[in-house]
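Heads up: the structure comes next, in structure tokens.
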Protein chains: 2
Amino acid sequence: MVTLSDVAKQANVSKMTVSRVINHPEQVTPELRCLVEEAMTALNYHPNSAAKALANNRTNVIKVVILEDIDTTEPYYMSLIFGIAKGLDKQGYALQLVTDRAHLTGGNRADGFIVTGERAKDIPLIEQLTQPFVIFGENRYGFDYIDSDNKAGTALATNYALAKNYQSIVFIGLDVKESFEYSREAGYINTLQQHQKIPQIYRLANHSHVSQAFITDNWHKFAPDTCFICASDRIAVGVERGILENGGNVPRDFGIIGFDGVFLDQVANPQLTTVKQPVQQLGELLARMLLQKLAQSGAQQGEVLVTPELVTRGSTRD
Amino acid sequence: MVTLSDVAKQANVSKMTVSRVINHPEQVTPELRCLVEEAMTALNYHPNSAAKALANNRTNVIKVVILEDIDTTEPYYMSLIFGIAKGLDKQGYALQLVTDRAHLTGGNRADGFIVTGERAKDIPLIEQLTQPFVIFGENRYGFDYIDSDNKAGTALATNYALAKNYQSIVFIGLDVKESFEYSREAGYINTLQQHQKIPQIYRLANHSHVSQAFITDNWHKFAPDTCFICASDRIAVGVERGILENGGNVPRDFGIIGFDGVFLDQVANPQLTTVKQPVQQLGELLARMLLQKLAQSGAQQGEVLVTPELVTRGSTRD
DNA sequence: TTGTAAGCGTTATCAT
DNA sequence: ATGATAACGCTTACAA
């Protein structure tokens, strides 16, 4: 194993100079810096992260906390974790997954936290955290966060439906009292109002069989030339099935636009037009934001909203 | 931060005794051990993993290497990673995701590797690894591995189809030259032969639209009373769609059995009878096997096959 | 069985 | 601007 001392010898300087070249390059003269850098590459030096961690009282580990009870096959979360892992890896950090609330404070140490799926009751728990954290998902508590721009997403979808000349545009949302749901509804409502149309909103549990049953039960209410803006792809898949089951023509008489764009949209038949969240990228951004926060000793990072993209496919008119 | 010394003081012993209670409890007298343990809980002591790592020349980090180019939304892999992360977390290890071959040897250090998705060309690369590793997935190179028992899985499926009295039983496999595919075909073939039936195997690319098109193109070949044993849920979803598209009755005249049981099976309509791999559990087993291998300084661990489970649902007769 | 001392690789502090 | 020294928390090797 090549250590600081090895590099120091090779470059004829002290360990400290090498350390400084790595951590505070501005404090060392260009010539020495150059020498040291050459020595480092010559020896293929890689810092020992455990030693660094010990000296700095850090761990190089970030805990990813999922407070929601998730179906662990849910592709959405998996993509997110994948993105986080990639983002952390790039900067030499490793990830520890926490699904057990008890592991949050107890257990191994970490340099910071990425938290998602929190409900109101979790807020005190989160506020107890003594180390920097960032949140995935809109929140009203002033926590730093990253999310898709939900409002812009449904606005995109609604505008598209209008452009495709669907007469009636209905929103099928989720029956949860979450910030993201309100934002998605707002994007829809605002867009419709700009076009002097009356919003029509239903809220369902986030399951395809629920939305499928809903369509069948209310089939008489939906005349041809209707586009359904859905708050999730799960909902959209069920809506699509319900329409087909009742003999409706997709996309000519009925359009469907989903939300999420992770996996399910491609499995549907016809494939879904959907508001695609760049989930993996969001994960990488979370990692980057947290590491930056660490570098700035916990400074506020604010909120970052990433505009999602409308992917057009067979569930809406050409 | 509570350290060894703190615990030592509290228990009126030296640091070493505390260290021994943690790492070699048998070397310390029961009374002292008890005293120390009380002190540890009283102070809520947690070992500093960086210091441990430094002293032991370890990192407490395991690299998870995915050599295959995967669709990062693929729930199968995501579940696996989730399982690995949980398994590692339990023993205080963190995970680093490697998708870039260059990061395999270079970059940060790790104590061991969990490798998956390797092709023939990757074998030399893997053999160069200087640290313990385990593989996910059957392989013919003598590497320690964990996998589902693919052969047992398709045998389960085929026996079930026979029990449900489908006259004709067809296997739709994948057109890949991989160990797991051969095993799945073998389970099907063996079972049919035990019942004096002639195997009938097709091999397709692993996409639902490919298998859907295949069914339509060959619809005349498949008389009612046929059950399709599929090598993946993706294939099965397409087969199901193809059958429905051609007016076939599922499950009365045509049965479909998938393989994997991760997410897709539940999204299908009707939901798929499928051979469910305990993917997350496989991940945890991988973590456990690797950590045990580390504890045994790299000793061979052999292979572990986990028998999958047949989940019966609407795509086969009641 | 228990304790003492040295060292793992790095960085902060203080001196030059 | 650069270097010497101690310290981070733990474990191995050796001494008692």
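Here the structure is a predicted model, which means the values were calculated and not measured. Quick note on labels: first sequence line is chain A, next is B, and so on, each numbered from 1.
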Test ring pair (Phe, Tyr, Trp, His ring centres under 6.0 Å) applied to Phe143(A) - qualifying residues, sequence neighbours left out: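 Scan of Phe143(A) (ring pair (Phe, Tyr, Trp, His ring centres under 6.0 Å), adjacent residues dropped) gives Phe133(A), Tyr141(A).
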Scan nucleotides 9-16 of chain D against the protein and return all N/O pairs shorter than 3.5 Å with their distances rounded to 0.1 Å.
from, atom 1, to, atom 2, distance (Å)
dC10(D), OP1, Tyr45(B), OH, 2.3
dC10(D), OP1, Asn48(B), N, 3.2
dC10(D), OP2, Leu4(B), N, 2.5
dC10(D), N4, Lys15(B), NZ, 3.1
dT11(D), OP1, Asn23(B), ND2, 2.8
dT11(D), OP2, Ser19(B), OG, 2.7
dT11(D), OP2, Asn23(B), ND2, 3.4
dT11(D), O3', Asn56(B), OD1, 3.4

Outermost nucleotides of DNA chain C that come under 4.0 Å of a non-hydrogen atom of chain B: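 Nucleotide range in contact with chain B: dT1(C) to dG9(C).
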Salt bridge (Lys or Arg N to Asp or Glu O under 4.0 Å) partners for Glu178(A), two or more places apart: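 Glu178(A): salt bridge (Lys or Arg N to Asp or Glu O under 4.0 Å) contacts with Arg119(A).
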Sequence neighbours excluded - salt bridge (Lys or Arg N to Asp or Glu O under 4.0 Å) pairs with any residue from residues 131-147 of chain A: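 Applying salt bridge (Lys or Arg N to Asp or Glu O under 4.0 Å) to every pair that reaches into residues 131-147 of chain A, excluding sequence neighbours, yields Asp144(A)-Lys293(A).
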Qualifying salt bridge (Lys or Arg N to Asp or Glu O under 4.0 Å) pairs, either residue in residues 38-59 of chain B, two or more places apart: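 Of all non-adjacent pairs touching residues 38-59 of chain B, those that pass salt bridge (Lys or Arg N to Asp or Glu O under 4.0 Å) are Arg58(B)-Asp111(B).
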Listed partners of [X] passing side-chain hydrogen bond (donor to acceptor under 3.5 Å, both in side chains), at least two apart:
| X | value |
| --- | --- |
| Glu284(A) | Lys90(A) |
| Gln277(A) | Tyr76(A), Ser148(A), Asp260(A) |
| Asn139(A) | none |

Residues that Leu125(B) engages under side-chain contact (heavy atoms from CB on, under 4.5 Å), provided they are two or more places apart: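 For Leu125(B), the residues satisfying side-chain contact (heavy atoms from CB on, under 4.5 Å) (neighbours in sequence not counted) are Arg101(B), Leu104(B).
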Pair listing, ring-ring contact (aromatic ring centres under 6.0 Å, His included) test, anchored in residues 6-38 of chain B, at least two apart: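 Sorted pair list comes back empty.
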Pair Tyr77(B) and Phe82(A), ring centroids less than 6.0 Å apart: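 No, the ring centres sit 6.0 Å or more apart.
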Terminal axis angle for the helix from dT1(C)-dA16(D) to dT16(C)-dA1(D), five pairs an end, nearest 10 degrees: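 Overall, the helix from dT1(C)-dA16(D) to dT16(C)-dA1(D) bends by 40° from one end axis to the other.
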Short side-chain N/O contact from Thr17(A) to OP1 or OP2 of dG3(D), under 4.0 Å: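 Affirmative; the distance criterion is met.
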Pairwise 5' ranking along DNA chain C for Ser49(A) and Gln27(B), keeping only the more 5' one: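 Of the two residues, Gln27(B) wins.
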